[in-house]
Engineer: 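So that we are looking at the same thing, I have put the structure below in structure tokens.
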Amino acid sequence: METVIEKIGASAGKEATLTGWVYNKRSSGKVRFVILRDGTGVIQCVFLKGQVPDAAFELADSVTQESSVAVTGLVREEKRAPGGFELTATDLKLISLAEPYPITLKEHGVEFLMEHRHLWLRSARQHAVLRIRSEIIKAMRDYLDDNDFVLGDTPILTPAAGEGTTTLFPVDYYGEQVYLAQTGQLYNEAIAASVRKTYCFGPTFRAEKSKTRRHLMEFWMLEPEVAFLDLSGDMALAEELVAYAVQRVLAKRKPELATLERDTTKLEAVKAPFPRISYLDAVKLLQDKGKEIKPGDDFGGDEETVLGEAFDRPVMIHHYPAAIKAFYMKRDPQDTSLALCFDMIASEGYGEIVGGSQREDELAELEKRIIENKLPPEAYRWYVDVRRYGSFPHSGFGLGLERTVAWVCGLKHIRETIPFPRMLEKVYP
RNA sequence: UCCAGCGUAGCUCAACCGGUAGAGCAUCCGGCUGUUAACCGGAGGGUCACAGGUUCGAGUCCUGUCGCUGGAGCCA
């Protein structure tokens, strides 16, 4: 079986051949060190003059950063080594010599790194983020799959807006104008009537001219939708899902969190139940903290930061004014000015990561709402049909993957949470 | 779209009141038998974003353009 650095301990005391890339090298006369990176970890390979072929000793000096190589040697426990193991090399073979590598081990600016994003991904921090992102996705899908959800998946090319009309990317579809999806939710509602509990997970697109650390033009969203579930049950599902994913990362990705210097005590607190406060209580909380806000206002980035920092775990704010929320949300029967919805604000000031609601399930009410919002009724005919034929109470939410990854990793900018971020007017590489 | 800040060597940054363009890293040459972003000595490397203006003299001051970064609004 192939030997990789992540599992090098199994080869202790034995000879092994490792393939990878030269991360760094150092030399001290008759001793040369090649630090090898193989995609699973990093290990130092020691070359002693006279104990390796002259060609290999020479190559250990002339090989360039990020050249691909194969190193053979004796795996040895070494207390001084960061990973606990070292390779006493017996041979070094060049696979491909790298041209002078633009990204050094020193500091670089954001503009330069983004221009070289395809290479930046090889660095230790980006490698750690990629693995944690993958773990979060797997954890959340495991949670849903293990709880009887059926992966439905929804179209990316859609004939009409999901929520508004100003934020869509238009696409030419054989002469007809269609749009890249900004949500799969409406389709999810139709799928839920088939399988009861469904979810979709895929890229979504917003053409807003947003230029902040929390925004991408293309981001991945996980959207569960459940038949016969009310708002309270929806919030319970969201907190269970998020808590499960965070605890999984803590259990399985400790080394990567350490690479990112993430304070894991903050993550350990992320267990259900999460605090739930009403919109009006949130407004009062903000006013007590000196924010100028009045009932009816939506929360901006500042307000979200204050709310997120007020608790040791994510907080769920529910019953927002219907006027500032989407047309498909069900109104609170006790007070029809309020929507049966919630937002989950991550702790530590990372902002909104989940937005959900109980959906409007009364046919007449939904038709009225579509007219009020000046949406084209013809485009929503199929959506209204879901109410026409055996309507049912149902709820769901959308979880922004990249914001969740940023929060779990403790990253200050969302651009590092996806391999190739699509930023405002930036699509290279 | 609006507001603010920044564009100097391959990279990260200096250059005081307007007076000859600098350092570290990277690259190349040399040294060192245990280095940990190794270290030590040497060399090469510049249209100071671009265009105009003020001035005896502009990297520095003014105007415009372009680019980048952060924020607002909107949202996940």
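Quick note on labels: first sequence line is chain A, next is B, and so on, each numbered from 1.
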Engineer: Do A/D38 and A/Y23 pair up side chain to side chain, a donor and an acceptor below 3.5 Å, judged on atom types alone?
Structural biologist: no

Engineer: Quick one: label A/E86 by what it contacts on the DNA or RNA (base, sugar-phosphate, nothing), any heavy atom closer than 4.0 Å.
Structural biologist: base

Engineer: Touch check for A/R32, heavy atoms < 4.0 angstrom, all strands: base, sugar-phosphate only, or nothing?
Structural biologist: nothing

Engineer: Will you find, in the side chains of A/E99 and A/T64, an N or O donor that is under 3.5 Å from an N or O acceptor?
Structural biologist: no

Engineer: Under a 90° cut-off about 0 for the syn range, is B/C17 syn or anti?
Structural biologist: syn

Engineer: Counting any heavy atom closer than 4.0 Å, what does A/N24 reach on the DNA or RNA strands: base, sugar-phosphate only, or nothing?
Structural biologist: sugar-phosphate

Engineer: Within the structure shown, what part of the strands sits under 4.0 Å from A/S27 by heavy-atom distance: base, sugar-phosphate, or nothing?
Structural biologist: base

Engineer: Side-chain donor-acceptor pair under 3.5 Å between A/H215 and A/E208, yes or no?
Structural biologist: no

Engineer: Return the polar atom pairs (N/O with N/O) between nucleotides 8-11 of chain B and the protein under 3.5 Å, or none.
Structural biologist:
{"unit_1": "B/C11", "atom_1": "O2'", "unit_2": "A/E107", "atom_2": "O", "d": "3.3"}
{"unit_1": "B/C11", "atom_1": "O2'", "unit_2": "A/H108", "atom_2": "ND1", "d": "2.5"}

Engineer: Once you apply a heavy-atom cut-off of 4.0 Å, does A/E223 come out as touching a base, just sugar-phosphate, or nothing?
Structural biologist: nothing

Engineer: Is A/L216 touching bases, backbone alone, or none of the nucleic acid, heavy atoms closer than 4.0 Å?
Structural biologist: base

Engineer: For the atom pair CG (A/L366) and CD (A/E360), what is the distance rounded to the nearest 0.5 Å?
Structural biologist: 6.5 Å

Engineer: Applying a 4.0 Å non-hydrogen cut-off, can you work out what A/Q44 is touching in the nucleic acid: base, sugar-phosphate, or nothing?
Structural biologist: base

Engineer: Give me each pair satisfying side-chain hydrogen bond (donor to acceptor under 3.5 Å, both in side chains) with a member in residues 335-347 of chain A, each pair once, sequence neighbours excluded.
Structural biologist: A/Y320-A/D343, A/K325-A/D343, A/D335-A/S337, A/S347-A/W407

Engineer: Taking atom NZ of A/K412 and atom CZ of A/R213, what is their separation to the nearest 0.5 Å?
Structural biologist: 8.0 Å

Engineer: Taking N or O atoms only and anything under 3.5 Å, show me the protein contacts with nucleotides 65-69 of chain B, one pair per line.
Structural biologist:
{"unit_1": "B/C68", "atom_1": "O2'", "unit_2": "A/E111", "atom_2": "OE1", "d": "3.1"}
{"unit_1": "B/U69", "atom_1": "O4", "unit_2": "A/K211", "atom_2": "NZ", "d": "3.1"}

Engineer: Give a yes or no on whether the backbone of A/F219 and the side-chain of A/T204 come within a donor-acceptor separation of less than 3.5 Å.
Structural biologist: yes

